[in-house]
Amino acid sequence: MNDNKNELEKWAEIDCDAFDFDELENKLESELEEQMADLEELELDEKRIGSPDALGETVMNVVWEQFINQVGVVAGEDFVKKNRNLNLDLRDSAHIQTAENFEKGNIADHNYISKEQLEKNYDRYKNKPHGVYRKEKVDPGMNATLKRAGILHNEGVETVTDIYTGRQIPTQTKLEDGSNNPKAAQREHVKPSAEVYKNPTLQMAYDDDGLAKVINDPENLQGYTTAERNNRKSDNSADEMEDRDKNRHWEKANERAEEHIKNKEEEGKARLKEEGRKTQKEEALKIGGEALKSVVMGLLASLIKDIIRKLIAWFRSGNRKLATFIDSVKEAIKSFISNMKEHLLNAGNTLGTTIATAIFGPVIGMIKKAWIFFKQGYKSVKDAIRFLKNPANKNMPFSLKMMEVGKIVIVGLTAGGAIVLSEVIEKGLMTIPAFAFEIPLLGSLANIIGMFLGALVSGLIGALALNLIDRMISKKLKRINENQQIDKRNDIIATQDKLIKVVEAKVEVTKEETANSIKERHENAAESIKSSIERIKKNSEEINKPFAENVEIVEEDIVSENEGSINKIFSDLNDM
């Protein structure tokens, strides 16, 4: 106060002619506004001391982040259930079966149309010998294409054409001595059954009966040849056959059989590709639908969050009327729209969580929760370091610093505890069948209850801990705050006094300038009147000169009288 008094005495001695009072007044008014704002902030800080609102806001934000995360996770899990318990995989290899992958045992298990058959085909390809398969499927199926030579012989057909020579060969399979006839006709697969059975493309594309039909198709089981040649050729491929068996008839028959095999390969691959494209498209539409629902749910939840905030404020206010309720809802909607960028970022996060969960499974939900936990811990440490480095806290006693840092850490631990506790409560509730009930897009009832109960219990524990610390420091902080407010009010009073002195000085200057202006105008008026009288006198003398002699006595009296009046006027003007 003494400093302010001395400063005011200096202000009282200001040389008024040396200052621009308008500029000085504006500067002081601006300084006064800043001091008033600082005082208002100190008053708000006083209200926040010992208040658990900051804790509630932090826990609510963590719960909200968990909730948004849960929406994405549940949407991803719902997709997996609808996708026959398969994670999202839109790669061609997951839907379109290729022979190369088939040979390696990589089944396109997302092709639900043929998945089961593909697995059976691969088991046959790897585990069933050709001899067993031929006995089961190929040999019985040959009768549908060609009759045995012995049956033809019994029916009276003596000879048939050899497909490799064009000659007629007998159908009689036994000689007179009862031995096998080496020249008798036998049914001939141009492409040996064993060679076709090794073909991975055909194995992949056809079931047991289908593969047997490919082998026994008339384009491959083209006719008859001699038993001697058939046995010599046996299951050998074209590269392994003797040159004497590779005549022009064989070449023609072989080209025809190869074309048939190639066509069947392409037919099988095309069918599997078509199936794969179909299942791929269906899976893309499914994840698109689930992702869209999760995004809409997230945006809707954000809107509800804003509305709840405004409704809480409405309940706290004293003016609870329908009109103010409607206004609060409108404000919530406006707030939602104004923060659309933030909501879209949250929606993108939900979308990413949905897709990631669909790809990698529920482990994403655990990773996201762990990320929230560690992020909150990192934020607490960062806030504590920032608090300690803040120049404003430089002169704060060490004990108060440690308690304030403790409060920051407790807020972080409370938020992290909400995550851990919610997991514990959820697992406990899941043992009760009624709480395992699934709510679309939100998850199980146990999960939702666990999330909010965990936040509630953790928040209460954190609030109690904070209040315990606040009891130790709130009184001292309030005293410090009150002293700061007193100092700030003193500064305001000093500034106001300075402003008053400036205004008073400004008024004095204005009064002096006004008085000088009046005096100057009076002097100018006196000079003007005197000049006018002198001109009148001169003019009068010029006019009355011819009559001077006749009216001399009278003139002297008049002049004497006028001079007395003029002298009186000058005297009065000088007095003014």
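Arg134 has a carboxylate O that lies under 4.0 Å from a charged side-chain N of Asp139, or vice versa, which qualifies the two as a salt bridge. In this structure, Lys120 does not pair ionically with Asp207, as no charged nitrogen and carboxylate oxygen lie closer than 4.0 Å. We find that Lys269 and Glu266 are joined by a salt bridge, their nearest charged nitrogen and carboxylate oxygen being less than 4.0 Å apart. Between Lys233 and Glu188 a salt bridge is recorded (basic side-chain N to carboxylate O distance below 4.0 Å).
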Show, in sequence, the C-alpha distance, side-chain angles and deciding distance for Val80 and Leu86, and conclude whether the side chain to side chain contact (heavy atoms under 4.5 Å, CB included) test is met.
CA-CA 5 Å; Val80 172; Leu86 293 173; over 6 Å; no

Worked verdict on Val138 versus Tyr133 for side chain to side chain contact (heavy atoms under 4.5 Å, CB included):
CA-CA 7 Å; Val138 178; Tyr133 174 75; 3.6 Å; yes

Would you sort out whether Asp123 and Lys128 count as a salt bridge (Lys or Arg N to Asp or Glu O under 4.0 Å), showing the intermediate values?
CA-CA 7 Å; Asp123 180 67; Lys128 181 176 285 190; over 6 Å; no

Report the C-alpha separation of Val190 and Arg256 in whole Å, then their side-chain angles, then the decisive distance to 0.1 Å, and conclude whether the side chain to side chain contact (heavy atoms under 4.5 Å, CB included) test is met.
CA-CA 9 Å; Val190 179; Arg256 179 181 167 188; over 6 Å; no

Evaluate Lys286 against Glu283 for salt bridge (Lys or Arg N to Asp or Glu O under 4.0 Å), listing each step before the verdict.
CA-CA 5 Å; Lys286 283 178 186 176; Glu283 192 163 317; over 6 Å; no

Show, in sequence, the C-alpha distance, side-chain angles and deciding distance for Lys137 and Leu211, and conclude whether the side chain to side chain contact (heavy atoms under 4.5 Å, CB included) test is met.
CA-CA 9 Å; Lys137 297 293 181 181; Leu211 183 59; over 6 Å; no

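Using cut-offs of 30° and 60° for the angle between ring planes, the Phe102 and Tyr122 rings count as perpendicular.
Side chain of Tyr206 to main chain of Lys264: a donor-acceptor pair is present (N/O by atom type, distance under 3.5 Å, no hydrogens or angles). Although no hydrogens or angles enter the test, the distance criterion places a donor-acceptor pair under 3.5 Å between the side chain of Gln280 and the main chain of Leu90. Distance alone, capped at 3.5 Å, places no donor-acceptor pair between the Asp245 side chain and the Met241 backbone. Gln172 places no side-chain N or O within 3.5 Å of a backbone atom of Glu158 that could act as its donor or acceptor partner. Side chain of Thr171 to backbone of Val157: a donor-acceptor contact under 3.5 angstrom is found. At least one donor-acceptor pair closer than 3.5 Å links the side chain of Thr165 to the backbone N or O of Arg167. Between the Thr279 side chain and the Glu275 main chain, a donor and an acceptor come within less than 3.5 Å of each other. Without hydrogens or angle criteria, Asn85 side chain to Lys81 main chain gives no donor-acceptor distance under 3.5 Å. Formation of a donor-acceptor pair under 3.5 Å by the Arg187 side chain with backbone atoms of Leu221 is not found in this model. Checked by atom type and distance alone, the side chain of Asn220 pairs as donor or acceptor with a backbone atom of Lys191 at under 3.5 Å.
For the residue pair Asn181 / Lys174, no side-chain donor-acceptor distance below 3.5 Å is found, with atom types taken as modelled. Residues Asn236 and Ser234 have side chains that never bring a donor and an acceptor to within less than 3.5 angstrom of each other. Side chains of Asn230 and Gln186: a donor on one and an acceptor on the other come within 3.5 Å. Side-chain atoms of Gln97 and Asn111 include no donor-acceptor pair closer than 3.5 Å. The closest side-chain donor-acceptor pair between Ser193 and His130 falls under 3.5 angstrom. Side-chain contact, Ser237 with Glu195: no donor N or O sits under 3.5 Å from an acceptor N or O. Lys246 and Asn254 form no side-chain donor-acceptor contact under 3.5 Å, judged by distance and modelled atom types alone. Tyr112 and Glu282 share a side-chain donor-acceptor pair at under 3.5 Å. Between the side chains of Asp162 and Gln168, no donor-acceptor pair is found at a separation under 3.5 Å.
The 12-atom threshold is not exceeded at NZ of Lys147, counting heavy atoms of other residues, nucleotides or ligands nearer than 6.0 Å. Counting non-hydrogen atoms of neighbouring residues, nucleotides and ligands closer than 6.0 angstrom, the CD atom of Glu116 reaches no more than 12 such neighbours. Other residues, nucleotides and ligands contribute at most 12 non-hydrogen atoms within 6.0 Å of the CD atom of Glu274. With a 6.0 Å radius and a threshold of 12 heavy atoms from other residues, nucleotides or ligands, Arg148 has its CZ atom at or below the threshold. Residue-environment remark: NZ (Lys281) stays at or below the threshold of 12 foreign heavy atoms within 6.0 Å. Heavy atoms of other residues, nucleotides or ligands lying less than 6.0 angstrom from CD of Glu176 number 12 at most.
Rounding to the nearest 0.5 angstrom, the gap separating the CD1 atom in Ile113 from the NZ atom in Lys278 is 4.5 Å. In this structure, Thr225 OG1 and His189 NE2 are separated by 13.5 Å, a value rounded to the nearest 0.5 Å. To the nearest 0.5 Å, the span separating OG on Ser114 from CD1 on Ile107 amounts to 11.0 Å. Taken to the nearest 0.5 Å, the CH2 atom of Trp250 stands 9.0 Å off from the CD atom of Glu255.
Listed here is the closest heavy atom pair of Pro218 and Thr145: CG-CG2, 3.9 Å. Residues Ala291 and Leu351 approach most closely at CB-CD1, 3.2 Å, considering heavy atoms. Considering all non-hydrogen atoms of both residues, Ala284 and Ile287 come closest at O-CG2, 3.1 Å. Residues Thr173 and Ala149 share a closest heavy-atom pair of CG2-CB, 4.4 Å. Shortest non-hydrogen contact noted between Glu242 and Arg244 is OE1-NE, 2.6 Å. Smallest separation of non-hydrogen atoms from Ser93 and Asn101: CB-ND2, 4.1 Å.
Under the 4.5 Å side-chain criterion, counting only non-hydrogen atoms from C-beta, Lys82 is in contact with Glu290. Contact annotation: the side chain of Ile96 never approaches that of Leu272 to less than 4.5 Å [non-hydrogen atoms, C-beta and beyond]. Looking at Asn106 and Glu100, their side chains never come closer than 4.5 Å, going by heavy atoms from C-beta outward. Contact of the Asn83 side chain with the Leu88 side chain is not registered, since no non-hydrogen atoms from C-beta on lie closer than 4.5 Å. At a threshold of 4.5 Å between non-hydrogen side-chain atoms, the residues Arg229 and Arg232 count as touching. Here the side chains of Glu103 and Tyr125 are in contact, with some heavy-atom distance below 4.5 Å. Put simply, the side chain of Arg248 does not reach to within 4.5 Å of the side chain of Lys252, judged on heavy atoms. At a threshold of 4.5 Å between non-hydrogen side-chain atoms, the residues Thr226 and Pro182 do not count as touching.
For the side chain to side chain contact (heavy atoms under 4.5 Å, CB included) with Leu202, the lone residue among Ile215, Val214, Asn121 that qualifies is Val214.
Residue pairs meeting the ring-ring contact (aromatic ring centres under 6.0 Å, His included) criterion with at least one partner in residues 72-96, sequence neighbours excluded, are His95-His110.
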